Structures are given as structure tokens and as C-alpha cells.
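Report on one structure; see the data block that follows.
It should be emphasised that the depicted structure is a prediction, and the values quoted were computed from it without experimental measurement.
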Amino acid sequence: MQHFDFSVLGEWQNIRLLLQSLWYTVIYTLGGFALSLIIGTFISFGQMSKFKPWKYISLAYLSWFRGTPLLVQLFLLYYGLPIVFGIDTVPWISGVIALGMYSGAYASQVIRGAIQSIDKGQMEAGRSLGFSYAQTMRKIVIPQAVIRMLAPMTNEFISLTKNSSLLSTITVVELFRQANLLIADTYKTIEFLLAIAILYYVVNNLIGFIGLLLERRLGTGDDMR
């Protein structure tokens with residue numbers, strides 16, 4: 001029978017390395033999420049645009065990034081750019097960009113869906129008050145849409161946090177990569193895998209809790225049953 005030794009998780013050096021890598025995971029995820037919001041906004045408005053080139057580019061982007069695995073996209077970005085264009089790539093930068101580009105496709109659908117869910121009468125009311133289309137979107141439609149985006153965007157943030165573990169495949173030292181390094185040193189596989197599973201669990205539930213608080217504060221979610 002396998003003998004488990006969880007005392008390795010109580011050693012300060014191991015604790016420090018795991019917490020440090022967890023912090024890196026949070027930073028990489030935040031960077032990827034911020035990028036995904038920018039890309040998602042651009043793609044969502046492209047889908048709704050009457051300007052056909054923008055619309056077709058947006059649809060092509062969605063088709064590619066929703067139809068191929070994140071791991072493949074990550075490898076193409078990190079290994080492909082140096083081979084095809086001779087561009088030197090930095091692992092963590094490539095990782096953040098890949099996370100943002102992948103998540104941006106899904107974020108765009110959340111943004112588009114939230115905007116299109118706002119009653120068309122809101123736009124008509126804004127225009128009747130003398131606002132331009134852009135002003136009506138900025139002052140009336142988008143503030144309401146943002147509230148409706150909270151729950152699905154929280155889910156996307158959680159999903160992105162879990163997907164950040166794939167950055168370990170291009171040598172980025174985040175939580176999963178650090179656990180593998182510690183496993184290689186100590187041969188305590190289950191102990192460290194269980195430790196990082198708990199850390200992911202805590203972080204993702206904290207994100208969910210913050211999202212829930214924001215929904216309650218803004219009065220969404222039908223009393224959050």
C-alpha cells in the first residue's frame with residue numbers, strides 16, 4: 001500500500017513556492033482576462049456591425065478560437081512565431097496572450113448576448129432624448145448589459161483560472177508547473193496534487209463568491225437562490 005507523507009506540505013520552503021506560484025497563476029489569469037475583455041468587446045461589436053469586413057473577421061476569429069483547443073493555440077503561438085516569423089517569444093507573455101485570445105472568443109458571446117438582451121425600446125428611448133447611437137449605447141444600453149454579464153463572466157474567469165494550468169506546457173512556472181517540480185524533487189505525487197487542487201478550489205470559489213456579491217449588490221440573480 002502506498003504510504004502518504006503530508007508532512008512535506010508543512011515545510012516552509014514548499015509552502016512558499018506553492019503560494020508564490022499561486023500568485024503568478026492569479027496574475028497570469030488576470031492579464032489574460034483583461035485581454036479577453038478587450039478582444040471580446042471588439043469581436044462582439046464586429047458580429048453586430050453592418051460593416052461586412054469587420055463582421056467577417058469577427059466570425060472567422062470565433063470559428064477558429066472556438067473550434068481549436070487552447071493547448072494547440074498555445075503551442076502555435078509559442079513555438080510557431082519563432083519558426084515562421086523569427087520572433088522570439090517569452091513563455092509567460094505568450095501564455096497570457098494565448099489565454100486572452102482564447103477566452104476573448106467566449107467573452108464576446110457573453111457581451112453580445114447581454115447587449116442584445118436589452119429591450120430595443122431602450123435604444124429608441126435614448127434616441128428620442130436626442131442621444132446619438134454611440135451615446136445611447138454608452139449611457140443606457142451598456143450599463144444595463146454589464147449587470148447581465150456578471151454571472152457568465154464570473155464563470156469565464158473561473159474557467160480561465162483552471163485553463164492557466166496549461167501554461168506549464170511551455171515552461172511557465174505557475175501553480176501546476178511548480179507542483180510538478182516539487183513532485184520531481186520529493187516523489188510525493190498525490191500530496192502535492194491534492195495541495196494544488198485545494199488551492200485551485202479555494203481561489204475559484206473566492207472568485208465565485210465575489211461575483212455573487214457583485215450580483216447581489218447590483219440586484220441581479222433573482223435573490224440569488
Rounded to the nearest 0.5 Å, how far does [atom2] of [Y] lie from [atom1] of [X]?
X	Y	atom1	atom2	value
Lys55	Leu59	NZ	CG	6.0 Å
Arg216	Leu150	CZ	CG	13.5 Å
Arg177	Thr25	CZ	OG1	13.0 Å
Ile196	Ser165	CD1	OG	8.0 Å
Leu35	Leu30	CG	CG	12.5 Å
Glu156	Ile158	CD	CD1	10.0 Å

Exercise. Enumerate the residue pairs fulfilling ring pair (Phe, Tyr, Trp, His ring centres under 6.0 Å) with a member in residues 158-183, sequence neighbours excluded, ordered by first and then second residue.
Key: none
Quiz item: Which pairs pass ring pair (Phe, Tyr, Trp, His ring centres under 6.0 Å) with one or both residues in residues 7-40, sequence neighbours excluded?
Solution: Phe33-Phe157
Residue pair [X] / [Y]: nearest heavy atoms and the distance that separates them:
X	Y	result
Ser36	Ala107	O-CB, 3.9 Å
Ile111	Gly40	CD1-C, 3.7 Å
Ile170	Ser94	CD1-CB, 4.4 Å
Gly126	Thr136	C-OG1, 3.7 Å
Ser44	Thr41	OG-O, 2.9 Å
Gln144	Ile140	NE2-O, 3.0 Å

Do [X] and [Y] come close enough that some side-chain heavy atom pair is under 4.5 Å?
X	Y	result
Ile142	Val146	yes
Trp92	Ile27	no
Met153	Leu37	yes
Ile115	Met137	yes
Leu77	Thr89	no
Leu182	Leu18	yes
Leu193	Ile183	yes

Practice problem: Please collect all side-chain hydrogen bond (donor to acceptor under 3.5 Å, both in side chains) contacts where either partner lies in residues 104-120, sequence neighbours excluded, each pair once. | Solution: Gln47-Gln109, Gln47-Arg112, Gln109-Arg112, Arg112-Gln116, Ser117-Arg148
Practice problem: Give every residue pair that meets the side-chain hydrogen bond (donor to acceptor under 3.5 Å, both in side chains) criterion with at least one member in residues 56-77, sequence neighbours excluded. | Solution: Thr68-Gln73
Qualifying residues under side chain to side chain donor-acceptor pair (under 3.5 Å), relative to [X], sequence neighbours excluded:
X	value
Gln20	none
Ser128	none
Asn14	Glu11

I'd like to know if [Y] and [X] are part of one continuous hydrophobic network [Ile/Leu/Val/Met/Phe/Trp/Tyr, side-chain heavy atoms within less than 4.5 Å].
X	Y	answer
Val8	Leu181	no
Leu9	Phe4	yes
Val84	Leu76	yes

[X]: what forms a ring pair (Phe, Tyr, Trp, His ring centres under 6.0 Å) with it, not counting sequence neighbours?
X	value
Tyr78	none
Trp54	Phe42
Phe75	Tyr79

Self-check item: Counterpart residues, side chain to side chain contact (heavy atoms under 4.5 Å, CB included), relative to Leu166 (two or more places apart)
Solution: Leu70, Leu71, Leu74
Using a 3.5 Å cut-off and no angle test, enumerate the donor-acceptor pairs between side-chain atoms of residues 198-210 and protein atoms at least two apart in sequence or in another chain.
from: Tyr200; atom 1: OH; to: Glu174; atom 2: OE1; distance (Å): 3.4
from: Asn204; atom 1: ND2; to: Tyr200; atom 2: O; distance (Å): 3.2
from: Asn205; atom 1: ND2; to: Tyr201; atom 2: O; distance (Å): 2.8

Quiz prompt | Sidechain-backbone polar pair: Ser49 side chain, Phe45 backbone, donor-acceptor under 3.5 Å | solution = no
Self-check item: Leu99 vs Leu167, side chain to side chain contact (heavy atoms under 4.5 Å, CB included): CA-CA, chis, key distance, verdict
Solution: CA-CA 9 Å; Leu99 288 176; Leu167 270 58; 3.8 Å; yes
Quiz item: Hey, mind stepping through Asn180 and Phe192 against side chain to side chain contact (heavy atoms under 4.5 Å, CB included) and telling me if it holds?
Solution: CA-CA 8 Å; Asn180 282 330; Phe192 282 108; over 6 Å; no
